[in-house]
Amino acid sequence: MPRLVMHIDLDAFYTAVEQRDHPAWRGRPLIVGAAPGRRGVVATCSYEARRFGVHSAMPISEAVRRLPAETVYVRPNMARYAEVSREIMRVLGTLAPVVEPVSIDEAYLDVSGLERLVGPPEVVARRTKAAIREAVGLTASVGIGPNRLIAKLASDARKPDGLLVVRPEEVRAFLDPMPLAALRGVGAVTARRLEQAGLRTVGDVRSRPLEELRRRLGARTGTQVHLQSNGIADDRVHPATERQSISKETTFAEDVEDSDVLRDTLRWAAQEVGYLARHDARKGTVVTLKIRLHPFETHTRSRTLAAPSADDRVIFDAAWDLYRADTHAGRAVRLIGLGLSGWAQAPVQSDLFAEIDTREQDPADDRLDATLDAIRRRFGRHCIQRGLSRRP
DNA sequence: TCTGGGGTCCTAGGACCC
DNA sequence: TCTGGGGTCCTAGGACCC
C-alpha cells in the first residue's frame, strides 16, 4: 500500500507563542532573537514584521533598520516554547501511531491507513490542525504527500494556516516550478553550482541526466538531487532518534583577546556539556574545541579521550589543551565553545554519579545566568550574550 | 547587512594494521 | 628493497538544517 506522510509546521512558532501570551503584542511587528544593538540574528519574526522584508537569520542590526518604531523585540524563552512543543507532540501522538519530531515546532506523521478510520487525507489534515488549535491555541500548516519531501513542501506551500494534499499523480506538476533550494540538501553552495549549469527550477534539474548531476555535485548529492527532482524521497517515519553530540558555544559581544576570559568561558561550556551528558546518562570519547577568529574564520580541533567521560574537568582540560596547542595565539576571538560526542557503548549509571561536577548548584537557567554574570563582573566589557535558537 | 546556537551528515587525507 | 589492496580509526572542514 502506498505510504502517506504528513508534515506539520507551526506558523512563526516563537512569535506566535509570545503573541498568544502577550495580547498587547498581537498585530504588531515582533522579533524573537538577539537584542537590538548586539551581535546576533532574528530567530523568528511575526508575519507583521515579514511585511518589511525581515526574515529569520537576518542580522538584528539590519532588521532594526527596516522595522518601524512600534516593533517589539524579545529574547527567546526556550523553556516556554519547549513546554508548548511537548504538548503539541503529545496531541499528535493521539492522532497517528508514529510521530517523528524533527524540531521544536515540526513533526512528520505516518498517516497511511488512517483513511479507513478517519476519512480522506484532507479530513486527517483538518482534524490535526483543529486538535493543535484546541490544545495550544496556535495555527499550524499541514502538508500530506507520498513521501517526506513532498509532505514538507506541501506544508510550506500554503503557509500560514495552510493545508495541502499532493497526490502521487500531482507530484511532478507540483515540483517542477519550485526553486532549487526546495530540494533537501540543496543550500547556497549547491544551488550556485546548479545555476552555473543553467538550471533554475526543479523541473530544469529533472531534465538533466543523472550522470551530469553526479559529475557536478558528487555521486551522493547528485543522486539525491536527481531522485528528488523526480519526486522520489524517503517515505519512512521513525520515532525520535538519539542525539549524537552535545555542545555549548558563545559569541562575545566584542572580540576577546584575553586568554583568561577564553579559559573561563570554556570552563563554563564544559560544565554545561558535562551536566547535560550526565543528565542523559552518557559518556563521550571525543572533545571538540570550536573557535571563531576575527573577522569570521571558524576552526575546530578535536581529541579522543583516553577513556569515555562526562566529567567537567576532563572535558575542560581536553579543550583547553587543544586551545593552547594551536597557533592562533594573539588573534581576537569572536566565538568559543566545545562539544562532546562519540558516546561510549554502555554508560554505567553508577559511574556517572562518580563523575566530578564542578557546577556550583542547580542546573536551572538562573545558574547559567549567575555564571555568566560572574564572568561579566570580572571582565566588564566582554559581555557574554546568551544563546538563542533560530526558528523559521 | 555582517553574519547565533545547536545539531546532522559527508568527504578526504593520513595513520595504522593485516 | 620496493611494493599490493582493503579496512578502520582519527581528525578537520564544510554543507546543510531548524
Side-chain angles (χ1 to χ4, degrees), chain A residues 7 9-10 12-14 31-44 53-67 75-76 78 81-82 85 101-108 148-149 152 155-156 180-193 217-225 240-253 255 269 272-273 276 285-305 318 322 325-326 334-342 368 384-392:
Chain A
H7 182 256
D9 194 341
L10 275 288
F13 184 53
Y14 295 177
I31 299 293
V32 174
R38 303 287 290 270
R39 282 176 167 169
V41 298
V42 173
T44 310
V54 174
H55 53 81
S56 322
M58 176 181 275
I60 195 74
S61 51
E62 174 67 12
V64 169
R65 258 191 293 279
R66 290 175 183 236
L67 290 163
R75 307 282 293 136
M78 294 313 298
Y81 312 148
S85 177
V102 280
S103 72
I104 198 165
D105 73 335
E106 258 184 75
Y108 288 100
R148 301 163 67 98
L149 172 72
K152 177 159 173 63
S155 73
D156 279 347
L180 300 171
L183 301 181
R184 217 168 161 82
V186 178
V189 175
T190 305
R192 196 178 342 109
R193 276 187 206 154
L217 305 178
R220 194 150 194 132
T221 308
T223 304
Q224 277 312 308
V225 163
T241 49
E242 278 186 64
R243 67 163 150 193
Q244 305 296 311
S245 64
I246 298 173
S247 63
K248 276 286 169 191
E249 65 189 51
T250 188
T251 294
F252 298 106
D255 295 343
E272 293 297 317
V273 166
L276 291 169
T285 55
V286 178
V287 172
T288 302
L289 169 74
K290 178 172 172 181
I291 191 161
R292 179 168 287 150
L293 303 169
H294 178 85
F296 202 80
E297 181 189 319
T298 309
H299 296 278
T300 59
R301 292 285 178 273
S302 59
R303 166 176 300 179
T304 301
L305 301 172
L322 287 164
D326 214 341
R334 180 186 176 95
L335 165 153
I336 199 164
L338 60 80
L340 185 66
S341 58
L368 193 150
I384 291 173
Q385 303 175 78
R386 288 295 307 278
L388 59 142
S389 225
R390 190 199 134 212
R391 300 297 319 125

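Note on naming: letters A, B, ... go to the chains in the order of the sequence lines (proteins, then strands), and numbering restarts at 1 for each one.
Put simply, A:Ser61 has no side-chain N or O that comes within less than 4.0 Å of OP1 or OP2 on B:dT1. Taking 4.0 angstrom as the limit, A:Thr250 places a side-chain polar atom (N or O) nearer than this to OP1 or OP2 of B:dG5. Between A:Arg66 and B:dT1, a side-chain N or O to OP1/OP2 separation shorter than 4.0 Å is absent. Phosphate contact (OP1/OP2 of B:dG5, side-chain N/O of A:Thr251, threshold under 4.0 Å): present. One finds no side-chain N or O of A:Lys248 lying less than 4.0 angstrom from the OP1 or OP2 phosphate oxygen of B:dG5.
In this view, A:Gln244 satisfies the side-chain hydrogen bond (donor to acceptor under 3.5 Å, both in side chains) rule with no residue, not counting sequence neighbours. For A:Ala181, the side chain to side chain contact (heavy atoms under 4.5 Å, CB included) criterion is met by no residue, not counting sequence neighbours. Under the side-chain hydrogen bond (donor to acceptor under 3.5 Å, both in side chains) criterion, A:Arg66 pairs with A:Glu62, sequence neighbours left out. Not counting sequence neighbours, the partners of A:His294 by the side-chain hydrogen bond (donor to acceptor under 3.5 Å, both in side chains) test are A:Asp255. Partners of A:Arg301 under the salt bridge (Lys or Arg N to Asp or Glu O under 4.0 Å) rule, at least two apart in sequence or in another chain, are A:Asp326. For A:Arg292, the salt bridge (Lys or Arg N to Asp or Glu O under 4.0 Å) test picks out no residue, with sequence neighbours left out. Among residues two or more places apart in sequence or in another chain, the side-chain hydrogen bond (donor to acceptor under 3.5 Å, both in side chains) test is passed with A:Thr300 by none.
Both A:Arg65 and A:Glu242 lie close to DNA chain B; mapped to their nearest nucleotides by heavy-atom distance, the more 5′-ward contact belongs to A:Arg65.
Using the six-membered ring where Trp is involved, A:Tyr108 and A:His7 have ring planes that are tilted, between 30° and 60° apart.
Across all strands, A:Arg193 comes closer than 4.0 Å to no nucleic acid atom at all (heavy-atom distances). When heavy atoms are screened at a 4.0 angstrom cut-off, A:Val186 is found touching the sugar-phosphate backbone but no base atom. Using a 4.0 Å heavy-atom criterion, one finds that A:Lys152 contacts the sugar-phosphate atoms exclusively. Using a 4.0 Å heavy-atom distance criterion, A:Leu335 is classed as a sugar-phosphate-only contact. A:Ala188 comes within contact range of the sugar-phosphate backbone alone, with a heavy-atom separation under 4.0 Å but no base atom that close. A:Leu289 comes within 4.0 angstrom of nothing in the nucleic acid, heavy atoms only.
A donor-acceptor pair under 3.5 Å is formed between the side chain of A:Thr285 and the backbone N or O of A:Gly342.
Stacking is not found between A:Phe296 and the pyrimidine-like six-membered ring of the B:dC2 base under the 5.5 Å centre-distance and 30° plane-angle cut-offs.
For A:Arg38 and B:dC2, the CZ to P distance is 16 Å, given to the nearest whole Å. When rounded to the nearest whole Å, the span between CD of A:Glu249 and P of B:dG7 equals 9 Å. The separation between A:Arg184 atom CZ and B:dT8 atom P is 14 Å, rounded to whole Å. Remark: P of B:dG5 and CG of A:Leu276 are 16 Å apart, rounded to the nearest angstrom. Rounded to whole Å, atom P of B:dC2 lies 13 Å from atom CD1 of A:Ile60. The CZ atom of A:Arg334 sits 11 Å away from the P atom of B:dC2 (whole-angstrom rounding). When rounded to the nearest whole Å, the span between CD of A:Glu297 and P of B:dT3 equals 17 Å. Atom CG in A:Leu340 sits roughly 14 Å away from atom C1' in B:dG7 (whole-Å rounding).
Picking from B:dC2, B:dG5, B:dG7 the nucleotide with the shortest atom distance to the side chain of A:Arg243 gives B:dG7. Taking every side-chain heavy atom of A:Thr304 into account, C:dC10 is the closest of C:dC10, B:dT3, C:dC18.
Between A:Val102 and A:Arg148 there is a side-chain heavy-atom pair separated by less than 4.5 Å.
Helical stems involving DNA chain C, defined as 3 or more consecutive Watson-Crick or G-U pairs under 3.5 Å, span B:5-18 with C:5-18.
Taking atom C1' in both C:dG4 and B:dC17, one finds a spacing of 14 Å when rounded to whole Å.
Here the straight-line distance linking atom CG of A:Leu335 with atom CD1 of A:Ile291 works out to 8.5 Å at 0.5 Å rounding.
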Using a cut-off of under 3.5 Å, enumerate the N/O to N/O pairs linking the protein to nucleotides 11-17 of chain B.
none

